[in-house]
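Positions are given from 1 along the sequence.
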Amino acid sequence: MASNFDLYVERRHTDSDKWHKYEGKEIIPLWVADSDFISPPAVIDALQKRVAHGVFGYGYPSPELSDVFIQRMQQLYQWEVKPEWLVFLPGLVCGLNLSVRALTTPEQGTIAPHPIYPPFMKSARLANRNQVSAPIKLQGKRWVLDLEATEQQLSGNEKLLMLCNPHNPGGTIYRHNELLDQLDFAQRHNLIVCSDEIHCDLLLEEGLEHIPFASLSEDASQRSITLMAPSKTFNIAGLGASIAVIPNANLRNRFIEARMGIVPNVDILAYVAATAAYKDGEQWLADQLDYLRGNRDLVMEKINTIPGLKLMPVEATYLAWIDASELAVNNPHAFFEEAGVGLSPGSDFGNPSFVRLNFACHRDLLAQALERMADAVANLPTTA
């Protein structure tokens with residue numbers, strides 16, 4: 001049965017972080033990266049069956065989840081993953097933090113793209129590690145990592161290169177040659193690589209493919225931690241189940257040791273949801289991608305007609321990285337919030353001249369938000 005992504009689902013008063021932020025205010029929330037879509041029927045059915053059992057004691061990593069994930073990696077990427085490589089986590093953000101703490105010493109630094117998803121920066125700051133900002137530059141109409149500019153900043157004490165593919169924000173899907181350049185950079189500077197690939201299933205530009213960093217070569221595999229999850233793909237972020245793929249036994253043991261007594265195990269309902277999503281969610285995902293492409297195209301068309309705003313093509317994710325640097329306002333996030341649209345402030349990612357818009361929502365709601373943005377800009381006072 002085809003999923004109806006045009007169905008409006010009321011999320012107010014449902015413990016939704018996204019909607020609670022603006023509770024009681026006439027502001028459309030298009031900020032944090034979860035979608036407003038009902039999760040796949042297979043996920044809901046599996047959860048209902050598990051809840052009906054009625055006993056919710058401690059769980060353990062699901063062999064079935066391991067199997068379906070390994071099969072998925074082989075089918076999508078021809079990447080042969082072994083069960084012992086998998087470390088299950090209750091969220092991807094803790095994987096970023098564990099990577100920093102387990103794989104660097106206080107004297108060693110990290111390298112992360114900039115602008116970037118905020119936990120990349122916070123993971124270094126919370127661990128008291130220095131972080132080199134690897135600039136993301138506009139190349140053609142794509143946001144890509146500028147390794148040449150990054151190289152000029154290195155002190156020689158860096159140990160961990162943190163990557164994000166597809167990139168958040170910006171939506172870039174890195175090509176094979178670009179990933180090889182990143183691998184070469186890591187080899188020349190003797191870096192371990194932590195690759196956040198949580199958005200790898202949300203590919204909007206048809207004809208492009210996701211390539212896991214670790215699948216590039218045996219060397220890439222042995223120096224890397226790959227972080228993946230079904231959470232963004234199938235809208236089950238509130239049921240935290242993420243996967244760290246760590247082929248190198250030494251790196252894996254250090255990672256596991258760093259989590260002991262601090263990071264809890266994945267809960268049983270999260271295992272159930274993740275397994276069902278990966279097993280039986282493919283048609284739902286295909287339908288969602290079609291809907292998101294329509295939303296992406298609407299956002300691209302509308303934003304690029306608003307004076308002072310620019311949006312480059314979004315290859316992946318449901319997140320639009322909007323350049324408001326030419327808008328005659330001091331704070332674009334506050335400006336659009338005042339106009340009734342709640343976006344993510346670019347300052348959280350490292351550039352206050354941008355805002356990030358989440359278009360994984362009902363299309364009519366999205367159109368309403370875009371109209372509010374256009375009207376707000378049209379009503380700005382003109383200078384003589």
Pair E218 + R223, salt bridge at N-O below 4.0 Å:
no

Can you find a side-chain donor-acceptor pair between D287 and Q283 that sits under 3.5 Å?
yes

Does R252 pair with E84 as a salt bridge, N-O distance under 4.0 Å?
no

Do R12 and E23 meet the salt-bridge criterion of a basic N to acidic O distance under 4.0 Å?
no

Less than 3.5 Å apart, any donor N or O on the side chain of T110 or Q131 sitting next to an acceptor on the other?
yes

Pairing of D36 and R11 as salt bridge, 4.0 angstrom limit:
yes

Pairing donors with acceptors under 3.5 angstrom, does anything connect the side chains of D348 and Y117?
no

Using a strict cut-off of less than 4.0 Å between a Lys/Arg side-chain nitrogen and an Asp/Glu carboxylate oxygen, indicate whether R142 and E178 qualify as a salt bridge.
yes

Would you please say whether a donor-acceptor pair under 3.5 Å links the side chains of S35 and N235?
yes

Could you tell me whether the side chains of D219 and S217 share a donor-acceptor contact shorter than 3.5 Å?
no

Can you find a side-chain donor-acceptor pair between H189 and E158 that sits under 3.5 Å?
no

Quick check on Q187: does its CD atom have over 12 non-hydrogen neighbours (other residues, nucleotides or ligands) under 6.0 Å away?
yes

NZ of K49: more than 12 outside heavy atoms within 6.0 angstrom?
no

Just checking, is any N or O donor in the side chain of W85 or N248 under 3.5 Å from an acceptor N or O on the other one?
no

Is E205 salt-bridged to R293, going by a charged N under 4.0 Å from an acidic O?
no

E107/K159 salt bridge by N-O under 4.0 Å criterion:
no

